[in-house]
Amino acid sequence: MSTKQITFYTAAWSPHAERVRFALDEAGAKYTVHEFGLEFNKGPKPEWYYQINPLGKIPALTYGGPAVPPDQPSPESAKLFESLPLLEFIAEIYPEANLLPTDPILRTKARTFIQLYQNYFHDLLKDVFFLGKPADPILQAIETLQQALPPTGFAVGQFSIADIAVAPSFMRMMLFLKSELGAYSEEDGQKMREALASEKFVRFRRYIEDLHEWPSIKKNWDEAFQIGLWKNVPAFQRKATAPT
Ligand SMILES: N[C@@H](CCC(=O)N[C@@H](CS)C(=O)NCC(=O)O)C(=O)O
């Protein structure tokens, strides 16, 4: 169990950052939070933040060094960023949390599931829900990921970073559809809702339910907050017809 200081740079709207929060909480980590608002997404970041992540993106962690105010990072702390390596890091410094299986085959399967998600699904959430691009590719991607799931349980049976990596986007997608939020067309909204309610996606739906019920996810997931946030974002509004 790590006892070094951890400062977590995050924003409640960010699915990348939410991965890291789920992992820290799953591990029972003690950490200081520095929360950014939606303005972080729009313009230049505070100058001091580039010392932590030169790319100016969240999430990021400082690890070790003295306890300092989050906007005055110590030269002695490690500066770590990119959500997927951060999940691996948290799994490594909290081995007792079993965020990665000990069996090498299952470890590889967990990483493969993340890779499948990154390769087939990740960018489509933005394409369909923010840019209003056609929905068929996202349904195909969900089918691919559903096929990679075991018959029951989490992505590799036990709960792991594989589930943490996908949960923020999958849960947002289901919430956006249920709440009719997003830039997709009326027809595509109906198509996605009908498909995801059908027998074909019963396993995927069960997986999403299991994610919602997992304690470290349940404690952090606030549907009302997400709806309130996204319903006012201009890029997120419904397009009249599907683009060709
Ligand atoms: N590949 C990065 C992506 C991080 C990312 O795109 N973060 C977004 C929030 S979800 C961000 O910082 N946006 C602000 C910006 O790009 O200016 C990761 O996995 O951490």
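By convention here, the first residue in the shown sequence is residue 1. We count ligands from 1, going down the list as the structure has it; atoms in each ligand are counted the same way.
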Can you tell me which residue and heavy atom of the protein come closest to [atom], and the distance to 0.1 Å?
{"atom": "atom 17 (O) of ligand 1", "result": "Lys45 NZ, 2.7 Å"}
{"atom": "atom 1 (N) of ligand 1", "result": "Glu82 OE1, 2.8 Å"}
{"atom": "atom 16 (O) of ligand 1", "result": "Lys57 NZ, 2.6 Å"}
{"atom": "atom 14 (C) of ligand 1", "result": "Asn41 OD1, 3.3 Å"}

_Please list, in number order, the atoms of ligand 1 under 4.0 Å from a heavy atom of Pro59._
20 (O)
_Atom indices of ligand 1, in the order listed, that fall short of 4.0 Å to a heavy atom of Trp13_ = 9 (C)
*asked:* Do Met171 and Ile217 have side chains that approach each other closer than 4.5 Å (heavy atoms only, starting at C-beta)?
replied: yes
*Are Asp136 and Lys191 ion-paired here, with the side-chain N under 4.0 Å from a carboxylate O?*
yes
*Lys45 NZ/CZ over Phe40 ring centroid, <6.0 Å and within 45° of normal*: yes
*Would Phe170 and Tyr117 count as a close aromatic pair, with their ring centres under 6.0 Å?*
yes
_Ring centroids only, cut at 6.0 angstrom: are Phe176 and Phe236 within range, meaning strictly under it?_
yes
*Looking at ligand 1, does any of its N/O atoms fall within less than 3.5 Å of an N/O of Ile58?*
yes
*Polar proximity ligand 1 side, Ser83 side, N/O cut 3.5 Å exclusive*: yes
*What are the two closest non-hydrogen atoms of Gln146 and Lys200, and how far apart are they?*
NE2-O, 2.9 Å
